[in-house]
Amino acid sequence: MPCQADAAAQTAFLTDTLVPLLEAAAAGDAVVYFADAAHPTHNTRATHVWTETGKERPLLTVSGRERVNRNAARNAHCPTQVHLDETDCVNAQSTQRLYEKLLAAHPQGPVHVICANARYYQNKALNAWLTDKRLVQVFLPPYSPNLNLIERLWKFLRQKIINIAFYRTKGQFKTAVLDFFDRLDEFGPELASCMRLKFHVLDSQSNS
């Protein structure tokens with residue numbers, strides 16, 4: 001839990017902004033996406049294993065910490081509809097390319113993108129480009145990853161792809177990560193189950 005999570009701000013955002021947008025999207029009056037970047041690292045992870053008690057088990061490692069950078073957006077009402085920009089650097093240019101894909105996929109009506117307050121979303125050139133577009137960025141309250149549905153997709157990716165195998169080279173790792181997005185229909189029922197439109201409000205003040 002982010003130590004600066006604000007329950008009041010999150011509740012207000014849900015009630016006044018997010019729920020009305022999701023209802024409009026459900027009625028066909030708009031499209032809502034949740035967007036975020038992710039940077040999975042090519043490195044060994046110790047998750048869990050069955051092994052004989054008291055017996056050491058070697059854990060293979062790789063020498064580097066190279067990353068696969070992805071900028072993505074997930075349709076709020078379609079768990080397997082994810083648009084992706086795989087890039088060397090997640091920045092305003094990468095975000096614009098991603099937004100162009102969203103606009104092409106939805107040639108009519110408004111497109112709302114729920115996103116955090118990262119610099120590439122706040123970029124002046126990007127916002128100037130958005131001035132005459134049908135796409136509107138909707139910024140989450142600070143320290144509110146729990147309200148960004150795509151965070152659950154990144155968790156699902158770690159569970160299904162990243163943490164289950166040893167990838168000796170970055171090429172193997174990158175291929176496995178990117179292939180995941182071509183297999184989303186295969187994971188459809190599981191994604192629908194874990195990515196429901198139910199959100200928990202976090203309040204760090206109650207844990208101080």
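In what follows, residues are counted from 1 in the order of the sequence shown.
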| query | Atom CD1 in Ile114, atom OG in Ser144: separation rounded to 0.5 Å? | reply | 12.0 Å
| task | Please tell me if the side chains of Gln159 and Ile164 come closer than 4.5 Å, counting only heavy atoms from C-beta onward. | result | no
| query | Quick one: does Ile162's side chain get under 4.5 Å of Phe173's, heavy atoms only? | reply | yes
| said: For Asn123 and Gln96: C-alpha separation, side-chain torsions, deciding distance, then whether side-chain hydrogen bond (donor to acceptor under 3.5 Å, both in side chains) applies. | reply: CA-CA 10 Å; Asn123 180 270; Gln96 180 175 325; over 6 Å; no
| query | So, for Pro141 and Leu147, which heavy atoms are closest and what is the spacing to 0.1 Å? | reply | CD-CD1, 4.3 Å
Tabulate below the donor-acceptor pairs under 3.5 Å that side-chain atoms of residues 186-201 make, not counting sequence neighbours, or state none.
unit_1: Glu186; atom_1: OE1; unit_2: Arg183; atom_2: NE; d: 3.1
unit_1: Glu186; atom_1: OE2; unit_2: Arg183; atom_2: NH2; d: 2.9
unit_1: Glu190; atom_1: OE2; unit_2: Lys160; atom_2: NZ; d: 2.8

| message | Under the ring pair (Phe, Tyr, Trp, His ring centres under 6.0 Å) definition, can you give me all pairs with a residue in residues 117-140, not counting sequence neighbours? | response | none
| Expected output: side-chain Arg134 to main-chain Gly109 donor-acceptor under 3.5 Å | yes
| task | Give the cluster check for Val68 versus Leu184: same hydrophobic cluster or not, with ILVMFWY residues linked at side-chain heavy-atom distances below 4.5 Å. | result | yes
| task | With sequence neighbours excluded, tell me which residues meet side chain to side chain donor-acceptor pair (under 3.5 Å) with Asp85. | result | Ser94, Arg97
| task | Check His42, Arg67, Arg70 against Val177 for a side-chain contact (heavy atoms from CB on, under 4.5 Å) and give me the one that passes. | result | Arg70
| message | Rounded at 0.5 Å granularity, tell me how far CZ in Phe181 sits from CD1 in Ile161. | response | 9.5 Å
| Side-chain donor or acceptor of Asn148 paired with backbone N/O of Ala35 under 3.5 Å | yes
| If you round to the nearest 0.5 Å, how far is CD1 of Ile150 from CZ of Arg74? | 8.5 Å
| field | Approximate separation, where rounding is to 0.5 Å, of Gln81 CD and Leu102 CG | value | 8.5 Å
| task | Report the C-alpha separation of Val90 and His39 in whole Å, then their side-chain angles, then the decisive distance to 0.1 Å, and conclude whether the side-chain contact (heavy atoms from CB on, under 4.5 Å) test is met. | result | CA-CA 9 Å; Val90 176; His39 317 272; 3.6 Å; yes
| Can you name the ring-ring contact (aromatic ring centres under 6.0 Å, His included) partners of Tyr99, sequence neighbours left out? | none
| query | Has the side chain of Thr41 got a donor or acceptor atom that lies under 3.5 Å from a matching backbone atom of Asn43? | reply | no
| query | Without hydrogens or angle criteria, can the side chains of Asn71 and Thr95 be said to hold a donor-acceptor pair below 3.5 Å? | reply | yes
| request: To the nearest 0.5 Å, tell me how far Thr80 OG1 sits from Asn75 CG. | output: 9.0 Å
| field | Sequence neighbours excluded - salt bridge (Lys or Arg N to Asp or Glu O under 4.0 Å) pairs with any residue from residues 99-125 | value | none
| task | Applying side-chain contact (heavy atoms from CB on, under 4.5 Å), run through Val82 and Phe180 and close with a yes or a no. | result | CA-CA 11 Å; Val82 177; Phe180 166 79; over 6 Å; no
| Residues Lys174, Glu66: salt bridge by 4.0 Å N-O rule | no
| query | Do side-chain atoms of Gln172 reach the backbone of Arg168 as a donor and acceptor pair under 3.5 angstrom? | reply | yes
| said: Is it true that His77 and Tyr33 share a donor-acceptor pair across their side chains at a distance under 3.5 Å? | reply: no
For residues 11-25, tabulate all N or O donor-acceptor pairs below 3.5 Å that involve a side-chain atom, not counting sequence neighbours.
unit_1: Thr11; atom_1: OG1; unit_2: Ala7; atom_2: O; d: 2.8
unit_1: Thr15; atom_1: OG1; unit_2: Thr11; atom_2: O; d: 3.0

| message | Checking the side chain of Asn117 only, and the main-chain atoms of Leu140 only, is there a donor and an acceptor separated by less than 3.5 Å? | response | yes
| Trace of the side-chain contact (heavy atoms from CB on, under 4.5 Å) decision for Leu178 with Glu86 | CA-CA 8 Å; Leu178 296 180; Glu86 195 273 320; 3.6 Å; yes
| said: I'd like to know whether NZ of Lys155 has more than 12 heavy-atom contacts from other residues, nucleotides or ligands below 6.0 angstrom. | reply: no
